[in-house]
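Position 1 is the first residue of the sequence, and the numbers go up from there.
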Amino acid sequence: MDTAEDAQQPSNLADRRHTKKPKFSHKPADEPMDEDISDSKREILTLFTNYRNTLDSHYDQRERVIKCSRDITALSKKIVFSLLRITQVSTPDAVFRDAERQHSQVLDLFRKISVELQGSNSLKYNRQATPGLQEYIEAIGLWTFLQDNQLISKDQVLQRLSVANADGVVEPLVSVTDEDYILGISDLPGEVNRYCINAIGKGDHEAVKRCLMFLRQMKEGINLLLCGGSVRDLDKKVAVLDSSLEKTERAYYSMSIRDSELNAQCLNGSVALF
C-alpha cells in the first residue's frame, strides 16, 4: 500500500527537475563582493574580470582598425576611378590634382589608424589593416605608372605615407611589410588593363604598348618571387595578372594587325591612282 510520502515523490522529482539552479554571478572588480566569499574566490573573480576587460579592449581596438581599413579601401578606390579618367580629359594635370586632394584624405585616415598600430600592435592587427594598405598601394602604384611609366617601389610607398610629426621628424604613419607591398602591387595589373582598354577606345597605340611592356615586366618579377618562396594569397592574384596580360596582348595584336591592313589598303589605293 502506497504511503503519503510515495505519492508525493513524483511531484517532488518534477519540481526538482524544473527548478533552475542559481547562476553564478559575475561581478565587476569595482563592485563590492559579498562578505561570505572567500579570499581565494575573490582573487579568481578579480583575475577573470581583468581577462574580460582585456578581451573587450582587444576586440574594440580590432573593430576600430577594421573600420578604418575599410574607409581607406573606399577612398583608395576613388583615387583609382579618378586616375582612370585620364583618357577622357585633355590635360592629365587636372586628374592628378583631383587624386592629390583625395590622397590627403587617405593620409588623414592613416593618421587615425596609426594610433591603433603602435609598437607590437602593428603586427598584432596586420591582418585587419593590410586590406586597406594593399588597396592604397594599388592606387598610388597606378598613379606612378601613369605619371612616370614605372613600377612604384617600397621606398616610394613609405615616402608617400611619410608626414612630419610634432618634433618635425618626417616618418611613415604605418609600417609596410614586404608582404603588404608585394600583394599591393599584385593588384595593379587589373587597373592597368582597364586603362589599356580605355586607351584603345581613344586610339592611343603608345599607351597600349606601354601597358603591355609594363605587365610583361611585372609577370617576370612575380615569377621570380614565386621561385624564391610562397607569399600568402599571391597565387590568387597571379591568375588575375595572367588574365590581364592575355587581354592586353590580344588588344595590342588586334590593333597592330588592323593598322597594318589599313596601311596596306591605303598604299594600294594610292598606287591605283597613279
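When the side chains of ILVMFWY residues are joined at heavy-atom separations under 4.5 Å, either directly or via intervening members, Met255 and Tyr253 end up in a single hydrophobic cluster. Note on Leu117 and Ile66: separate hydrophobic clusters, where clusters join Ile, Leu, Val, Met, Phe, Trp and Tyr whose side-chain heavy atoms are under 4.5 Å apart, directly or indirectly. Under the 4.5 Å side-chain heavy-atom criterion for Ile, Leu, Val, Met, Phe, Trp and Tyr, Leu183 and Val240 are members of distinct hydrophobic clusters.
Counting only distance, with no hydrogens or angles, the side chain of Ser57 and the backbone of Asn53 share no donor-acceptor pair below 3.5 Å. The backbone N or O of Asn50 lies less than 3.5 Å from a partner atom in the side chain of Thr54, making a donor-acceptor pair. Judged purely by atom type and a 3.5 angstrom limit, Ser244 has no side-chain atom pairing as donor or acceptor with the backbone of Leu241.
Separation of atoms CD1 (Ile137) and CZ (Arg160) is listed at 12.5 Å; rounding is to 0.5 Å. Between the CD atom in Gln217 and the CD1 atom in Ile222 there is a gap of 12.5 Å [rounded to 0.5 Å]. Atom CD in Glu138 sits 4.5 Å away from atom CD in Glu135 (nearest 0.5 Å). Atoms CD and CG, on Gln105 and Leu107 in that order, are 10.0 Å from each other to the nearest 0.5 Å. Rounded to the nearest 0.5 Å, atoms CG (Leu146) and OH (Tyr195) are 5.5 Å apart. The CG atom of Asn193 lies 4.0 Å from the OG1 atom of Thr248; values are rounded to the nearest 0.5 Å.
Nearest heavy atom pair, residue Gly141 against residue Leu188, reads C-CD1, 3.8 Å. Contact between Leu83 and Ala139 at its shortest, heavy atoms only, is CD1-O, 3.7 Å. Minimum interatomic distance between Gln118 and Val115 (heavy atoms only, all atoms of both residues): CG-O, 3.5 Å. Scanning both residues, Ser69 and Ala129, for their nearest heavy atoms gives OG-O, 3.5 Å. When all heavy atoms of Val65 and Gln128 are compared, the pair lying nearest together is CG1-CB, 3.9 Å.
For the pair Asp204 and Thr87, the minimum side-chain heavy-atom distance is 4.5 Å or more. Using a 4.5 Å heavy-atom threshold, the side chains of His103 and Ile140 count as touching. Side-chain atoms of Ile72 and Leu133, non-hydrogen and from C-beta on, never get closer than 4.5 Å to each other. Under the 4.5 Å side-chain criterion, counting only non-hydrogen atoms from C-beta, Gln61 is not in contact with Lys124. When side chains are defined from C-beta on, Thr73 does not count as touching Gln134, because their heavy atoms never get closer than 4.5 Å. For the pair Leu84/Leu142, a side-chain contact is recorded, criterion being any heavy-atom separation below 4.5 Å from C-beta on. Counting heavy atoms from C-beta outward, Met218 and Val192 have side chains that stay 4.5 Å or more apart. Taking the side chain as every heavy atom from C-beta outward, Leu234 and Ser186 approach each other to under 4.5 Å.
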### Verdict with reasoning, Arg97 to Glu100, per side-chain contact (heavy atoms from CB on, under 4.5 Å)
CA-CA 5 Å; Arg97 284 196 300 270; Glu100 190 66 45; 5.5 Å; no
### Task
Given side-chain contact (heavy atoms from CB on, under 4.5 Å), test Leu245 with Glu249 step by step and report yes or no.
CA-CA 6 Å; Leu245 179 57; Glu249 286 178 341; 4.0 Å; yes
### Task
Tell me, with the steps shown, if Lys247 and Ile197 meet side-chain contact (heavy atoms from CB on, under 4.5 Å).
CA-CA 9 Å; Lys247 292 176 182 178; Ile197 300 302; 5.6 Å; no
### Task
Output, in order, the C-alpha distance, side-chain angles, deciding distance and verdict of side-chain contact (heavy atoms from CB on, under 4.5 Å) for Ser82 and Gln102.
CA-CA 9 Å; Ser82 297; Gln102 294 170 335; 3.2 Å; yes
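Ring pair Phe110/Tyr136 is perpendicular by interplanar angle, where above 60° counts as perpendicular and below 30° as parallel.
Not counting sequence neighbours, the partners of Tyr51 by the ring pair (Phe, Tyr, Trp, His ring centres under 6.0 Å) test are Phe48. A search for ring pair (Phe, Tyr, Trp, His ring centres under 6.0 Å) contacts involving His58 returns Tyr125, not counting sequence neighbours. Applying the ring pair (Phe, Tyr, Trp, His ring centres under 6.0 Å) rule to Tyr181 yields no partners; only residues at least two apart in sequence or on another chain are considered. By the salt bridge (Lys or Arg N to Asp or Glu O under 4.0 Å) test, Lys78 is found to be paired with no residue, residues two or more places apart in sequence or in another chain being considered. Annotation: salt bridge (Lys or Arg N to Asp or Glu O under 4.0 Å) contacts of Lys154 (sequence neighbours excluded): Asp178.
A salt bridge links Asp71 to Lys67: one of the charged nitrogens lies within less than 4.0 Å of a carboxylate oxygen. At a threshold of 4.0 Å, the pair Arg194-Glu191 counts as salt-bridged, since one of the basic side-chain nitrogens sits closer than that to a carboxylate oxygen.
At a cut-off of 3.5 Å, with distance as the only test, no side-chain donor of Thr144 or Gln156 sits close to an acceptor on the other residue.
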Output side-chain donor-acceptor pairs under 3.5 Å for residues 168-177, partner residues at least two apart or in another chain, one line each.
unit_1: Glu171; atom_1: OE2; unit_2: Asn165; atom_2: ND2; d: 3.3
unit_1: Thr177; atom_1: OG1; unit_2: Asp180; atom_2: N; d: 3.1
unit_1: Thr177; atom_1: OG1; unit_2: Asp180; atom_2: OD2; d: 2.9

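Arg64 CZ: more than 12 foreign heavy atoms inside a 6.0 Å radius. Atom CD of Gln150 is surrounded by more than 12 heavy atoms from other residues, nucleotides or ligands within 6.0 Å.
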